[in-house]
Asker: 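Questions regarding the structure given below will be posed in turn.
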There are 2 protein chains.
Amino acid sequence: MAGWRNVKNNHDHYDATIRGGALRDTPQRRHVYDLLLGNRDHPTATEVFMRAKKAMPSISLATVYNSLEALVACGLVKQVHIDREPTRFCPNLEEHGHFVCEKCGRVFDIEISQGPATRWKLPKGFTVTHHEISLRGTCADCTKNS
Amino acid sequence: MAGWRNVKNNHDHYDATIRGGALRDTPQRRHVYDLLLGNRDHPTATEVFMRAKKAMPSISLATVYNSLEALVACGLVKQVHIDREPTRFCPNLEEHGHFVCEKCGRVFDIEISQGPATRWKLPKGFTVTHHEISLRGTCADCTKNS
DNA sequence: TTCTCGTTTTAGAATGATTCTTGATCTTGT
DNA sequence: ACAAGATCAAGAATCATTCTAAAACGAGAA
């Protein structure tokens, strides 16, 4: 996948960042982070929980929420919001948008072609700190099979 | 505000559209629609409910939800999603994005400068049916007063 | 007009994601 | 090892939204 540092570097980044945020490196957090890196399909907290239990049966949903919150707080993971659906989590730190296929429900990362400055006509005096772009439609696979 | 047909025309549009969707023109629906047209500050369902009760004290929250759903279904009103905050409602049918001021909480309509085709680098075979763009930052007033 | 039937309204219960609370359990620094 | 603080787990609480069931309503037929 384009724009991705490799897994080893992601783990180094984890070590540095988790401590920079004054957070402990706990097994639960690392497990949650590894799951996100290992399957970059934008899971919800509940989906992360179900996957996490396979290798760590005692983990609780609350801990998954706490771990995800910690990872988001120190910038290792981003939240993805699509309408008011459950929040999804994405370890891709490059600037990008998201595309949801209305047929299969999969979420894809989408490259954004230009910088924020030229993209919108903001009134004078407005400053942007974050943006979120979400598209809906039909993915290539579902277009082909319909 | 730029890009707005006048209120009279919006009401004509209401008459035509509500029937085109095989929906009845009920006092509750018209009242909800009038509120949205009269104060275009992107209220949530609960905010619409509080305003609606002033002129129609017997209206229920469920009816406000139903009315908003009907207006959205026939295309008179659009939903606005900002993160996972409560859904907001917007009668501006022009293509536009939204800007939330993190200081004062107000939501502003934002012009989008280019057509969808050139804006994103979609993989081949992907087709977009809807998009939603939301920005966060500081508005002009709050930048000035800080 | 009156009847009829499908639509709408209403109040309250139910749902579901997320957050909060509380006590138990680890970690780190001394 | 000990104290202080962070984290974990289980369940309760919150809040937007949807669902349910029954009463009220409206447009068209008789």
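Residue numbers begin at 1 in each chain, while the letters A, B, ... track the order of the sequences. Since the model is a prediction, treat every value here as computed from it, not as a measurement.
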Asker: Name the pairs: protein N/O against N/O of nucleotides 4-6 of chain C, kept only if under 3.5 Å.
Answerer:
unit_1, atom_1, unit_2, atom_2, d
C:dG6, N2, B:Arg24, NH1, 3.3
C:dG6, N2, B:Arg24, NH2, 3.1

Asker: Would you mind reading off the distance between A:Glu69 atom CD and D:dT7 atom P, rounded to a whole angstrom?
Answerer: 11 Å

Asker: What's B:Thr44 touching, base or sugar-phosphate or nothing? Going by heavy atoms closer than 4.0 Å.
Answerer: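 It contacts nothing in the nucleic acid.
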
Asker: Given 3.5 Å as the limit, does a donor-acceptor pair link the side chain of A:Arg84 with the main chain of B:Arg84, or not?
Answerer: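 At least one qualifying donor-acceptor pair exists.
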
Asker: Classify the nucleic acid contact of B:Ser58 as base, sugar-phosphate or nothing, counting any heavy atom under 4.0 Å across all strands shown.
Answerer: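 Sugar-phosphate only.
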
Asker: In whole Å, I'd like the distance from the CD1 atom of A:Ile59 to the P atom of D:dA10.
Answerer: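 Spelled out: CD1 on A:Ile59 to P on D:dA10 is 11 Å.
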
Asker: Given the rule that I, L, V, M, F, W and Y join up when any side-chain heavy atoms are under 4.5 Å apart, are A:Ile82 and A:Ile110 in one cluster?
Answerer: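 No, A:Ile82 does not connect to A:Ile110 through the hydrophobic network.
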
Asker: Rounded to whole Å, please give me the gap between CZ in A:Phe49 and P in D:dC8.
Answerer: 14 Å

Asker: Nearest to the side chain of A:Pro86 - D:dT17, C:dA17, D:dT7?
Answerer: C:dA17

Asker: A:Glu47 has an atom CD; how far is it from atom P of C:dT18, in whole Å?
Answerer: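 Whole-Å distance recorded here is 11 Å.
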
Asker: Let's go through B:Arg106 and B:Asp41 carefully: what are the C-alpha distance in whole Å and the side-chain angles of both, what is the deciding distance for salt bridge (Lys or Arg N to Asp or Glu O under 4.0 Å) to 0.1 Å, and is it a yes or a no?
Answerer: CA-CA 7 Å; B:Arg106 281 184 294 173; B:Asp41 60 353; over 6 Å; no

Asker: Please check: side-chain N/O of B:His96 versus main-chain N/O of B:Glu94, any donor-acceptor pairing under 3.5 Å?
Answerer: yes

Asker: Please walk me through it: do B:Val72 and B:Phe89 pass side chain to side chain contact (heavy atoms under 4.5 Å, CB included)?
Answerer: CA-CA 9 Å; B:Val72 169; B:Phe89 295 86; 4.1 Å; yes

Asker: Are A:Phe108 and B:Phe126 an aromatic pair, judged by ring center distance below 6.0 Å?
Answerer: yes

Asker: Can you tell me the distance, in whole Å, between the CE atom of B:Met56 and the P atom of C:dT9?
Answerer: 9 Å

Asker: Which nucleotide, C:dC20, C:dA17, D:dC19, lies nearest any side-chain atom of A:Tyr65?
Answerer: C:dA17

Asker: In whole Å, I'd like the distance from the CG atom of B:Leu68 to the P atom of D:dT18.
Answerer: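 Going from CG in B:Leu68 over to P in D:dT18 covers 10 Å.
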
Asker: Report the residue (B:Gln28 or A:Pro27) whose heavy-atom-nearest nucleotide on DNA chain C is the more 5′ of the two.
Answerer: B:Gln28

Asker: What is the distance from CG of B:Asp83 to P of D:dA16, rounded to the nearest Å?
Answerer: 15 Å

Asker: On the nucleotide D:dA16, are OP1 or OP2 found under 4.0 Å from the side-chain N or O atoms that B:Arg84 carries?
Answerer: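 Negative; the distance criterion is not met.
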
Asker: Think B:Thr26 has a side-chain N or O under 4.0 angstrom from the OP1 or OP2 of D:dC25?
Answerer: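 No, no such contact exists.
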
Asker: Taking NE2 from A:His81 and C1' from C:dA17, how many angstroms apart are they, rounded to a whole number?
Answerer: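 These atoms are roughly 11 Å apart.
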
Asker: Under 4.0 Å between any heavy atoms, over every strand shown, what does B:Asn66 touch: base, sugar-phosphate, or nothing? Just pick one.
Answerer: base

Asker: Verify whether the ring centers belonging to A:His98 and A:His42 lie closer than 6.0 Å.
Answerer: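 Centroid separation for A:His98 and A:His42: below 6.0 Å.
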
Asker: If you look at every strand shown and take non-hydrogen atoms under 4.0 Å, does A:Thr46 touch a base, only sugar-phosphate, or nothing?
Answerer: nothing

